[in-house]
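Along the sequence shown, residues are numbered consecutively beginning with 1.
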Amino acid sequence: METERKTEMEAAVEEKPAMAVEETESMAEVKEGTEVAEALEVEVPAAEVPVETAAKAPAAEVPTESMADYTKELEASFRKIREGDILTGTVIHVDEEGVTLDLDYYAPGVIKAADMSRDPGFSVLNDVHVGDRLEATVVKRDDGAGNILLSCVEAAEALGWDKLQTYLEEKTILPVKVSQVVNKGVVGYLEGIRGFIPASHLSLSYVEDLESFVGKSLDVRVITVEKAREKLVLSARDVLKEREAEAMNHKISMIAPGTVMEGKVESLMPYGAFVDLGEGLSGLVHVSQISQKRIKAPSEVLKVGDTVKVKVLNTNNGKISLSMKALAEDAQPDEVDGKLAAQYSSGKSVGTSLGDLLKGLKL
């Protein structure tokens, strides 16, 4: 038994050097093959490259993407759109048939030309441009071509009246294009809703030819909103009156107190006379500022149509206060050595407060 065990151990010891020799020869062959490949610029398969050589090769750059890169797409995929929803989108295409909107969704929105507006004068090609933001109601989630079918007309019915009520409360000035003439006025569309502008609210003066307003753009204010009766009334006159008042106030503010002006008496009232100063300006000469004499009514001294010179006292609160008496008083000191002195020396009464002061004065 011992002899057999010894024989087996000796055999094992003899096998180990043999295996080591085989491994060494294999590594030498691989190394030799690699050196040859490098010399010939031949790519060596990865499986055949030694571990040490593979570790030295540079790692390939792998692009990294985060969830933030897909946020928009993810939100669009989870977003639920239902018929009747009102969406806001950006116009990305316009043609005679309608417009296409970018809804920040995986499907674009489409609005047919007939669903853009009820205004008979509306033109898709002229009134809508790429980049415009539009609100529209979802009519169908799929029009058969993968698009969301929308309608601006339905959105106007849903949102328009609320916007018009806000315009009324805030007295917002808005541009409106006159589309047609109707009985006693014209029609224009605001927020897609038909609005009526009475003839008396088209201008500051009487309008005889209503047809001349068709196609024109007017700045208007909303003066009546009744959703239940579908009644919308607009006014251009209110805007014109306000702008005229602003222009007038600016003119008045440019007149400095003390300025001497000339004008015509346009009307007489118990409390004073109104003088037309030109350029739409008018001022009041209070009865106490008409004459140096005490008078009961302006008609004692003035009549309509008289040309008078006046002095501006002040322009407070957008009103021009004038005085004829102050102008006369300013002129008298220069006349003391002339006309008034002659009157005094002749013994005639001057009839002015300054003349009373001169009484008894030795010249």
Side-chain angles (χ1 to χ4, degrees), residues 117-123 126-127 132 156 159-227 229-256 259 261 263-267 269 272-284 304 312 314-322:
S117 174
R118 289 180 177 174
D119 184 351
F122 179 84
S123 169
N126 295 331
D127 298 331
D132 289 351
L159 299 176
W161 290 103
D162 291 337
K163 288 185 178 180
L164 294 173
Q165 184 63 39
T166 300
Y167 295 151
L168 174 64
E169 295 170 358
E170 297 181 355
K171 298 182 179 180
T172 307
I173 296 176
L174 303 155
V176 168
K177 186 177 180 180
V178 177
S179 59
Q180 63 183 118
V181 175
V182 293
N183 185 30
K184 298 182 180 180
V186 299
V187 169
Y189 285 77
L190 188 59
E191 296 298 336
I193 296 174
R194 182 180 184 274
F196 175 63
I197 308 176
S200 59
H201 281 266
L202 281 170
S203 175
L204 292 173
S205 57
Y206 174 74
V207 177
E208 185 173 354
D209 183 14
L210 295 179
E211 290 289 347
S212 64
F213 284 86
V214 176
K216 288 185 177 181
S217 181
L218 303 176
D219 287 338
V220 301
R221 271 205 180 100
V222 177
I223 58 175
T224 302
V225 175
E226 295 182 18
K227 182 177 180 179
R229 298 175 58 189
E230 295 188 352
K231 182 179 180 181
L232 171 63
V233 182
L234 311 172
S235 173
R237 185 187 65 186
D238 285 8
V239 177
L240 294 173
K241 285 178 66 177
E242 181 178 295
R243 289 176 176 172
E244 183 183 55
E246 290 175 354
M248 190 64 65
N249 288 336
H250 177 69
K251 285 183 181 180
I252 293 173
S253 67
M254 299 300 290
I255 301 174
T259 302
M261 306 181 76
K264 285 188 176 182
V265 177
E266 57 182 356
S267 64
M269 305 297 290
F274 284 95
V275 178
D276 180 5
L277 301 172
E279 296 185 1
L281 297 176
S282 178
L284 172 66
V304 174
V312 178
N314 62 69
T315 55
N316 298 334
N317 302 318
K319 297 178 180 179
I320 305 174
S321 295
L322 306 171

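- Residues passing the side-chain contact (heavy atoms from CB on, under 4.5 Å) test with Ser123 are Leu125, Asn126, Asp127, sequence neighbours excluded.
- When all heavy atoms of Ser217 and Pro175 are compared, the closest pair comes out as OG-CB, 4.1 Å.
- Considering CZ of Arg118 and OH of Tyr189, their distance stands at 8.5 Å, rounded to 0.5 Å.
- For the salt bridge (Lys or Arg N to Asp or Glu O under 4.0 Å) test, no residue two or more places apart in sequence or in another chain qualifies with Glu266.
- Remark: the backbone N or O of Gly280 is not paired with any side-chain donor or acceptor of Lys251 at under 3.5 angstrom.
- Taken from CD1 in Ile252 to OG1 in Thr315, the straight-line distance is 7.5 Å, to the nearest 0.5 Å.
- With sequence neighbours excluded, the residues satisfying salt bridge (Lys or Arg N to Asp or Glu O under 4.0 Å) with Glu242 are Arg221.
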Begin with the C-alpha distance, continue with both residues' side-chain angles, and end with the deciding distance and a verdict on side-chain contact (heavy atoms from CB on, under 4.5 Å) for Leu210 and Leu202. CA-CA 9 Å; Leu210 295 179; Leu202 281 170; 3.5 Å; yes

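- Annotation: side chain of Thr172 is not in contact with side chain of Thr166 (no heavy-atom distance under 4.5 Å).
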Might you work through the side-chain contact (heavy atoms from CB on, under 4.5 Å) test for Leu232 and Val225, ending with a clear yes or no? CA-CA 5 Å; Leu232 171 63; Val225 175; 4.2 Å; yes

Could you walk me through whether Phe213 and Val207 pass the side-chain contact (heavy atoms from CB on, under 4.5 Å) test, one step at a time? CA-CA 10 Å; Phe213 284 86; Val207 177; 3.4 Å; yes

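- Residues satisfying the side-chain contact (heavy atoms from CB on, under 4.5 Å) criterion with Ile223, sequence neighbours excluded, are His201, Val233, Ser235, Asp238.
- Residues satisfying the side-chain contact (heavy atoms from CB on, under 4.5 Å) criterion with Leu159, sequence neighbours excluded, are Ile86, Glu135.
- Qualifying side-chain hydrogen bond (donor to acceptor under 3.5 Å, both in side chains) partners for Glu169, counting only residues two or more places apart in sequence or in other chains: Gln165.
- Atoms CG and OG1, from Leu322 and Thr259 in turn, are 10.5 Å apart once rounded to the nearest 0.5 Å.
- Checked against side-chain contact (heavy atoms from CB on, under 4.5 Å), Lys319 has no partners two or more places apart in sequence or in another chain.
- Here the NZ atom belonging to Lys231 is positioned 9.5 Å from the CZ atom belonging to Phe196, to the nearest 0.5 angstrom.
- Applying the salt bridge (Lys or Arg N to Asp or Glu O under 4.0 Å) definition to pairs two or more places apart or across chains, those involving residues 185-210 are Lys163-Glu191.
- Expressed to the nearest 0.5 Å, how far CD of Glu230 lies from CD1 of Ile193 amounts to 8.5 Å.
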Going through the checks in order, is the side-chain contact (heavy atoms from CB on, under 4.5 Å) test met by Leu218 and Leu234? CA-CA 10 Å; Leu218 303 176; Leu234 311 172; over 6 Å; no

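- Listed by chain and number, the residues in a salt bridge (Lys or Arg N to Asp or Glu O under 4.0 Å) with Arg243 are Asp219 (sequence neighbours excluded).
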Compile the donor-acceptor pairs under 3.5 Å between side chains in residues 177-186 and protein atoms, sequence neighbours left out, one pair per line.
from: Ser179; atom 1: OG; to: Val187; atom 2: O; distance (Å): 3.1

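- Glu244 pairs by the side-chain hydrogen bond (donor to acceptor under 3.5 Å, both in side chains) definition with nothing, not counting sequence neighbours.
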